[in-house]
Amino acid sequence: MNGKVNGAMIGLGFGAEFLPIYAAHPQANIGAICRRNAAELEKTGNQFGIEKRYTDYDAVLADPEIDFVHINSPIPDHAWMTLKALDAGKHVMCTVPMATTIEDCQKIVEKVKATGLKYMMAETVVYSREYLFIKEMFTKGELGKIQHLAASHPQDMDGWPSYWEQMIPMHYATHAVSPCLGLVDGLAEYVSCFGSGTVRDDIAEKSGNKFAVESCHIKVKDSDLTAHIWRFLYDVARQYRESFDVYGTKKSFEWTLVENEPHVLHTAKKPEPEIAEKVEVPDYAHLLPADIQKFTQPAEIHDSEHLSFIQGGGHGGSHPHLVHEFVSALKEDRDPMPNAVTSANWTCVGICAHQSALRGGEIVRLPEFTLG
């Protein structure tokens, strides 16, 4: 692509956080915004100086000046909006998860393959400073051989929009799945998952899921590794956490138990009292163009009262990294990370995990289209 890539932001709650990042990026521009609520649409358009404002998604897709859409709509809209955009010849960045059914994930993968367009699931964790810190240690060989991976995403969703009450926890598991598989550049081959406890009756009825907690083991394809992840959304007492633990032969990293406290690094073969040390994770803004480096910092959050930031701490400074990866992929005509197949694999882990939990932990294999 010559010149700047021109996009449309779809959904302006959490999505509005990305508008100043795109505006500052040297190779990108948001030329249009789209939201169903006309009054809020006008408010955001005026605030960020964006002239093209749509309440109709089809009108966005008909705009010949739009190269891509960045979808931040509610989860039930992700799949159909993605497929419509690809049909209209637009590249897609979509917030997590890709979809909530295996069938929709497959449709997206096949559509991307057929059209040659780019798709990226905007998974925040694999661009967070903690993940980048661990990835750097792993790449340098400081962790040694990886022996086990673990991640969790406990979150109390009471007070969030009501559609969350219909969500099965493992259908929104990519924040836990992605770092485990992304670190080792692996794909999930099969899973085994157990449900534990029960949610209150109204949540069970709306979601079709009775389990309070779902706990899953993932077999990494072509590897001796397994990863363990767990999820819940309601009726468990726990502070919000998106954790990622890595156990290696030389060093291991463990996520803090309490938000905003230091993480812990364990070093093998030291005297026992010296094995564990608290570490402060550095920022990784230096990996970005100078114009968008400031957006890794909480001070640049546009709406700090949004629940995504009250619970989540700004997603580890990941937002400008996501934008830069997607824009770079478009400019360089390459697949972004994660591409459609990887995004489908990460998403289908959770879908298959819930199937396994309903069958008492029975092994469920990932579908072939997710395996590369």
Side-chain angles (χ1 to χ4, degrees), residues 123-154 173-194 196 213-231 238-287 296 312-313 315-318 321 337-338 342 345-346 349 353 363:
E123 174 49 66
T124 55
V125 174
V126 292
Y127 288 97
S128 69
R129 60 180 64 90
E130 289 87 357
Y131 177 86
L132 295 173
F133 175 66
I134 297 166
K135 184 78 171 179
E136 183 177 51
M137 284 194 295
F138 176 54
T139 301
K140 290 180 176 178
E142 294 176 12
L143 301 181
K145 181 184 183 297
I146 302 299
Q147 302 284 39
H148 183 61
L149 303 146
S152 71
H153 183 190
T174 63
H175 290 332
V177 176
S178 62
C180 296
L181 297 176
L183 182 71
V184 296
D185 194 24
L187 295 170
E189 183 178 5
Y190 55 83
V191 299
S192 173
C193 181
F194 287 94
S196 181
V213 179
E214 291 187 316
S215 177
C216 173
H217 275 92
I218 304 166
K219 173 64 174 66
V220 183
K221 186 174 181 289
D222 301 325
S223 168
D224 60 3
L225 282 172
T226 59
H228 174 242
I229 66 167
W230 57 275
R231 283 288 280 126
R238 179 63 171 89
Q239 184 185 42
Y240 178 93
R241 189 173 183 238
E242 287 179 20
S243 75
F244 177 40
D245 301 332
V246 182
Y247 298 91
T249 53
K250 295 180 180 178
K251 289 183 179 180
S252 298
F253 178 95
E254 289 186 327
W255 201 275
T256 180
L257 289 173
V258 180
E259 190 173 19
N260 297 322
E261 290 189 358
H263 303 295
V264 179
L265 195 64
H266 300 262
T267 302
K269 311 309 178 189
K270 282 188 171 184
E272 194 66 29
E274 300 174 18
I275 289 174
E277 60 176 316
K278 294 180 179 180
V279 292
E280 295 292 341
V281 175
D283 197 32
Y284 279 80
H286 64 277
L287 300 179
T296 64
H315 296 139
S318 61
H321 292 281
M337 201 299 285
T342 300
N345 187 264
W346 293 356
V349 165
I363 286 176

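Keep in mind it's a predicted model, so treat the numbers as computed, not measured. For the single chain, residues carry numbers from 1 onward in sequence order.
- Residue Leu183 holds its CG atom at 7.5 Å from CG of Leu143, rounded to the nearest 0.5 Å.
- Shortest non-hydrogen contact noted between Tyr247 and Ser252 is CA-OG, 3.2 Å.
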Self-check item: Residue pair Glu123, Val177: steps toward the side chain to side chain contact (heavy atoms under 4.5 Å, CB included) verdict
Solution: CA-CA 10 Å; Glu123 174 49 66; Val177 176; over 6 Å; no

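- Side chain of Ser152 to main chain of Trp230: no donor-acceptor pair is present (N/O by atom type, distance under 3.5 Å, no hydrogens or angles).
- Between Ser215 and His228, the closest heavy-atom pair is OG-NE2, 2.6 Å.
- The aromatic rings of His263 and Phe253 sit tilted, their planes meeting at an angle between 30° and 60°.
- Sequence neighbours left out, not one pair with a member in residues 269-282 passes side chain to side chain donor-acceptor pair (under 3.5 Å).
- Residues Glu214 and Cys193 share a closest heavy-atom pair of CB-SG, 3.9 Å.
- Separating the CG atom in Asn260 from the CD atom in Gln239 is a distance of 7.5 Å, to the nearest 0.5 Å.
- Side-chain contact between Thr256 and Arg241 is absent, with no heavy-atom pair separated by less than 4.5 Å.
- Across all their heavy atoms, Lys219 and Leu225 have their closest contact at CD-O, 3.8 Å.
- The CD1 atom of Ile229 sits 9.5 Å away from atom OG1 of Thr174, with the distance rounded to the nearest 0.5 Å.
- Ala276 meets the side-chain contact (heavy atoms from CB on, under 4.5 Å) test with Val264, His266; sequence neighbours excluded.
- At a threshold of 4.5 Å between non-hydrogen side-chain atoms, the residues Ile134 and Phe244 count as touching.
- Ring geometry for His315 against His175 counts as tilted: the plane angle lies between 30° and 60°, on a 0 to 90° scale.
- Residues in residues 132-146 take part in these side chain to side chain donor-acceptor pair (under 3.5 Å) pairs, two or more places apart or across chains: Glu136-Tyr284, Lys145-Gln147, Lys145-Asp224.
- Atom NE2 in His148 sits 8.5 Å away from atom CG in Asp245 (nearest 0.5 Å).
- When all heavy atoms of Ala151 and Cys180 are compared, the pair lying nearest together is CB-SG, 3.8 Å.
- Atom CD in Glu189 sits 9.5 Å away from atom CD1 in Ile363 (nearest 0.5 Å).
- Summarising the geometry of Val125 relative to Ser178, their closest heavy-atom pair is CB-OG, 4.0 Å, with the distance given to 0.1 Å.
- Once rounded to the nearest 0.5 Å, the distance linking CG of Leu132 with CE of Met137 reads 11.5 Å.
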